[in-house]
Amino acid sequence: MVGALESILGGHIVSGVASVPVGSVRDFNNGRKVRIMEGAAHNLPDQPALCAAEEILSVCRGAGEGEVVVAVISGGGSALLPCPIPGVTLDEKRTVTELLSKAGANIKELNTFRKFISQTKGGKLAEAAYPAQMVGLILSDVIGDPLDTIASGPTTPTRTTHHDIITLTEKYNLSQSLPQSIQNILSRDRNQTRGTESTRETVPIENGSYKHVHNVIVGSNRLATEAAAAKAESVGYRAVVWSHSVQGEARLLGEVFATLAHCAVESGLRSAVSELRKTPSFVNLIRENPAMARDFDHLKGKLARIAEDMGRPCDFCLISGGEPIVTVTGDGKGGRNQELALAFSVKHHQLKQESGSPAGPCECVLVSLGTDGQDGPTDAAGALGHSSILTTATAQGLDGEESLRRNDSHSFFSALDGGQYLLRTGLTGTNVMDIHCLLFTSIHP
């Protein structure tokens, strides 16, 4: 994004700083006005990212009336722009994020807490730039593209209060686990809205947005899933997008894909949709995700039309996107895409064993990957899922079900056939959440 901006604006840029993931830049600084600072190794806030955030904050504070500050923001911005409020250390901020993530908090809940203890998030970066004008060019990694949630909303006002944070900590039973500094902040005044200091009173807000800021979404999961569908069509698949609002447990989503794949091959797409609605995995997945349920109702019509043409779905691609979660209960290493692929493989293998049916007319493979090229604290973007993986794993002394129980999907896929089922793209320089592709491919004798 920085490179594109420099090529467009050229000499109009006076100076700038960009915080980017470790390993994403090579010789980028040569002859450029925007200084590139790497940090947030493994997508976690660290000291280099803190230094970059402080530099960015300084640039914004130094801008004056009549000047324009361009903020290019993408998914991962929360880890790349860590600047805790006085009294809270970076380690304490990381502790809070880890506690919430392991408890199963979604991205909105994580960002609510991040904004509360930050000097840059929740609109505070935009406030630092006032009275200069600010343009926010934003790649969305959040379902629905809410500006106040993407990268924890550095250019959008927040209304996060002490009450919101207390409710969140009680929901996940973390009140006594939080660092003492944050417990002290919460105990001062449970009804006070944090961040109402003078700067917030002097920065004009109109209809929920800062008057001096213009935000634009320039990339999203919707665009990514539509592009994936177009690519699938170009190589001979009939492609349909289910949803770009996928949420919930990655394991449940893997099981849903496996059930759909098995039933579609066994009895056709129309029957598969009916059977899927009865399964516990599907019911649990959409219970708290009305957007997914609505998207599935639309999907039924699309699949019915395809079923009239195809019967069983050979050379068909079902695509979804979003950001599932993993509630960590084990001691393993993995990421949501690798866990999803492993859950798909385990469930599909079980269903095929239970049915005892001979091989169908097509093969099913699931591709699940993060568009940023990094799935959790690993070097993989995601993994491939297939029912035969479990048979291969057993022959190699690996236990897929146990790995899934321990949230150890990365270790499993790394050991399986020398890691050939892992998808390693390297850092992509963008982040619009995850993409899942269920491919049905004809088996030719």
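Each residue takes its place number in the sequence, starting with 1. Please read all numbers here as calculations on a predicted model, not as lab measurements. Excluded from the calculations below are hydrogen atoms, water molecules and symmetry mates; all remaining heavy atoms, backbone and side chain alike, are included.
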(request) Start with the C-alpha gap between L384 and L366, add the side-chain angles, then the distance that decides, and say whether side-chain contact (heavy atoms from CB on, under 4.5 Å) holds. (result) CA-CA 6 Å; L384 299 174; L366 179 74; over 6 Å; no
(message) Ignoring hydrogens, what is the shortest heavy-atom contact between G322 and M433? Give both atom names and the distance.
(response)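 Looking at all heavy atoms of both residues, the shortest contact is O-CB, 3.1 Å.
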(message) Which heavy atom of R277 sits nearest to which heavy atom of F296, and what is that distance?
(response)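 Distance-wise, the nearest heavy atoms are NH1-CD2, 3.2 Å.
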(message) With a 4.0 Å cut-off on N to O distance, would you call D331 and R406 a salt bridge?
(response)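 R406 and D331: salt-bridged.
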(request) Taking only Lys NZ, Arg NE, NH1 and NH2, and the carboxylate oxygens of Asp or Glu, determine whether E339 and R336 approach each other closer than 4.0 Å. (result)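 A salt bridge is absent here (no side-chain N lies under 4.0 Å from a carboxylate O).
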(request) In sequence, state the C-alpha distance, the side-chain angles, and the governing distance for D145 and S140, and then conclude on side chain to side chain donor-acceptor pair (under 3.5 Å). (result) CA-CA 6 Å; D145 306 332; S140 173; 2.6 Å; yes
[X] atom [atom1]: more than 12 heavy-atom contacts under 6.0 Å:
| X | atom1 | result |
| --- | --- | --- |
| K102 | NZ | no |
| D297 | CG | yes |
| K108 | NZ | no |

(request) Show your reasoning for whether side-chain contact (heavy atoms from CB on, under 4.5 Å) applies to I182 and F113. (result) CA-CA 11 Å; I182 297 174; F113 217 116; 4.0 Å; yes
(request) Kindly compute the distance separating CZ (R94) from CG (D46), expressed to the nearest 0.5 Å. (result)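 Reported value, rounded in 0.5 Å steps: 6.5 Å.
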(message) Within this structure, what is the OG-CD distance for the pair S414 and Q420, rounded to the nearest 0.5 Å?
(response)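 Rounded to the nearest 0.5 Å, the OG-CD separation comes to 12.5 Å.
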(message) Is the distance between the ring centroids of Y237 and F440 under 6.0 Å?
(response)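 They do not qualify: ring centres at least 6.0 Å apart.
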(message) Determine whether H436 and S320 satisfy the following criterion, side chain to side chain donor-acceptor pair (under 3.5 Å), listing intermediate values before the conclusion.
(response) CA-CA 5 Å; H436 323 110; S320 71; 2.8 Å; yes
(request) Describe, in one word, how the ring planes of F413 and Y421 are oriented to each other, choosing from parallel (under 30°), tilted (30 to 60°) and perpendicular (over 60°). (result)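 Tilted, since the angle between the ring planes falls between 30° and 60°.
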(message) Can you tell me how the ring of H162 sits relative to the ring of F116, calling it parallel under 30°, perpendicular over 60° and tilted otherwise?
(response)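 If you compare the ring of H162 with that of F116, the planes turn out perpendicular.
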(request) Report the C-alpha separation of R251 and L340 in whole Å, then their side-chain angles, then the decisive distance to 0.1 Å, and conclude whether the side-chain contact (heavy atoms from CB on, under 4.5 Å) test is met. (result) CA-CA 5 Å; R251 187 175 308 190; L340 195 159; over 6 Å; no
Testing the 3.5 Å rule here: is there a donor-acceptor pair between the side chains of [X] and [Y]?
| X | Y | answer |
| --- | --- | --- |
| T156 | D148 | no |
| H163 | T161 | no |
| D408 | S411 | yes |

(request) Would you check if the side chain of D375 reaches a backbone N or O of Q338 as a donor-acceptor pair within less than 3.5 Å? (result)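 Flag set: sc D375 to bb Q338 pair under 3.5 Å.
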